[in-house]
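One structure is given here, and the rest of the page talks about it.
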2 protein chains.
Amino acid sequence: MASNVGKMARSIPEETRTRLFLYLRELRCLQKKGICTIPSQRLAEACHVKSSTVRKDLSYFGEFGVRGVGYEVDGLTNELRSILNLDQIVKVALVGVGNLGKALLGFPGLEDEGFKIVAAFDADERKIGQKIDRVTVEDASRMEERIEAQDIRVAIMAVPASEAPAVAQRLAEANVNAILSFAPCELNIPPDIKISCVDLASEMARLVCCV
Amino acid sequence: MASNVGKMARSIPEETRTRLFLYLRELRCLQKKGICTIPSQRLAEACHVKSSTVRKDLSYFGEFGVRGVGYEVDGLTNELRSILNLDQIVKVALVGVGNLGKALLGFPGLEDEGFKIVAAFDADERKIGQKIDRVTVEDASRMEERIEAQDIRVAIMAVPASEAPAVAQRLAEANVNAILSFAPCELNIPPDIKISCVDLASEMARLVCCV
DNA sequence: ATAGGCTTGTGATTGTGATGTCAAGCACTA
DNA sequence: TAGTGCTTGACATCACAATCACAAGCCTAT
């Protein structure tokens, strides 16, 4: 692995980061099919982008291809995993075990890609102690402590919008550095914590809008 | 209402469309607070964008403000609702009533913003006939027929990735013109149908990635 | 009526990402 | 070893969205 992930740093487009994951997903699919080598052209088609885009995206991080041949699937997979910090399983905490939370616990799309919910919290006494998909729901009042003990750095918030800001605050205190929220509202937390907000209503609005 | 939504049409940036919905949400919030007038400056702060961005976004559709004063909250709300096709409740079909589907049926964030799930379908006989949050689960085999009968144009797919392409195909045949999918996979459907794919693994990857 | 203070709407500018293009370079063949 | 064909990597260009900056225009106070 000639990993030159030391070239990195300055201004990688947000879109590039998103695409890198798509490439990785496609590469894993190719691995399963036993394909060893792929040109940018075909990787691009599979991900619905232009081949020059694939090459440019990769070139931000090094030279992974062989001219006249293409990219070695295993090698590039490892490079991308390394770039995206997906070398090992990512431990995730789930806060809020309502319908949405339960759905996330059973959602195969996350675990397949290397994200594993290893702890779940809820404030509702009736839920505490329940075991859902191998994870036992714990008391939300002990959340910070448990997250730190297990060295979890990523959290998914599936709590009502009204609770979201307070929960985010507590997650920040527990030293997580990334939060995925389903509440369409502002979370006033330190800027060094990354937030991603899945805003379903906003997605729906974009779909309906015909402008 | 001096609605000049006839100026519209050519090349509205995708980001503008997304932001218009944020503006609308904020405006409704202002309405509740009884605020009648707001300058672009403050609307911008609430939505975390620049004031010039707000003004430019709105200017694609007309002149809704008053110089020296700002925008009338009620008036702009109506304009945006009109632009975004959110004048009346949007009827939505849900396909797949697993954990995720149930979560969506009970998710207040959708109904609050004018999207109402009026029909739900599943292939599992044990689920058919169940009533969840005022909606009765119907037999997926009759999906196309029921969607057309109720003139539903938007669907949410909460089905396993393996089923997604086939379901999307059937939705296309039922003449829906927009689909929100949670399956991270390609849906080969006519290009006149809008698709939005909520890819949770991809979101997680972006959060974890520190490049 | 007029001046002063705001805020809008818009043309100009800047910044950034997507795309086109092609020399450089590797594998394979003879 | 030289030649052919293919693909990468990088530079140049293009396209578009964000931002700036300011004239135009409304309101209030005097």
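Basis for what follows: all heavy atoms, side chains included, without hydrogens, waters or symmetry-related copies. Convention: sequence-line order gives letters A, B, ...; per-chain numbering from 1.
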Quiz item: Rounded to whole angstrom units, what separation is found between the CZ atom of B:Arg67 and the C1' atom of D:dA21?
Solution: 14 Å
Self-check item: Between C:dG9 (P) and B:Leu58 (CG): distance, integer Å
Solution: 7 Å
Self-check item: Backbone N/O of A:Ile89 and side chain of A:Lys116: donor-acceptor pair under 3.5 Å
Solution: no
Self-check item: B:Lys56 side chain, from C-beta outward: closest of D:dA10, D:dC27, D:dT19
Solution: D:dT19
Practice problem: Please confirm whether the backbone N or O of B:Thr16 pairs with a side-chain atom of B:Lys56, one donor and one acceptor, at under 3.5 Å? | Solution: no
Exercise. Write down the distance between CZ (A:Arg42) and P (D:dT7), rounded to a whole number of angstrom.
Key: 9 Å
Exercise. Could you check how far CD of A:Glu15 sits from P of D:dA17, rounded to whole Å?
Key: 12 Å
Quiz prompt | Side chain of B:Lys50 (C-beta onward), nearest among D:dT19, C:dC26, C:dG20 | solution = D:dT19
Practice problem: Give the rounded distance in Å between these two atoms: OH of B:Tyr60 and P of D:dT19. | Solution: 12 Å
Quiz item: In terms of side-chain heavy atoms of B:Pro39, which of C:dT8, D:dG9, C:dT10 is nearest?
Solution: C:dT8
Quiz item: Between D:dG9 and A:Tyr71, is there an OP1 or OP2 to side-chain N/O distance shorter than 4.0 Å?
Solution: yes
Exercise. Report which part of the nucleic acid B:Thr16 touches: base, sugar-phosphate, or nothing (heavy-atom distance under 4.0 Å, all strands).
Key: nothing
Quiz item: Can you tell which of D:dT19, D:dG9, C:dA18 lies closest to the side chain of A:Thr53?
Solution: C:dA18
Quiz item: For A:Val73, does its backbone N or O pair with a side-chain atom of A:Thr77 as donor and acceptor, under 3.5 Å?
Solution: yes
Quiz prompt | Selected nucleotide, minimal atom distance to A:Ser52 side chain, candidates C:dA18, C:dG20, C:dT10 | solution = C:dG20
Quiz item: Tell me: NE2 of B:His48 to P of D:dT19, nearest whole Å?
Solution: 14 Å
Quiz item: Closest nucleotide of DNA chain C for A:Pro13 versus for B:Gly70: which of these residues is on the 5' side?
Solution: B:Gly70
Quiz prompt | Rounded interatomic separation in angstrom, taking CZ from A:Arg55 and P from D:dC6 | solution = 15 Å
Quiz item: Counting only N and O atoms by type, is there a donor-acceptor contact under 3.5 Å from the side chain of B:Arg146 to the main-chain atoms of B:Phe121?
Solution: no
Exercise. Using whole Å, report how far CG of A:Asp57 lies from P of C:dT16.
Key: 17 Å
Practice problem: Look only at the side chain of B:Arg19 and the backbone of B:Thr53, and say whether a donor-acceptor pair between them is shorter than 3.5 Å. | Solution: no
Quiz item: For C:dT8, does OP1 or OP2 lie under 4.0 Å from any side-chain N or O of B:Ser40?
Solution: yes
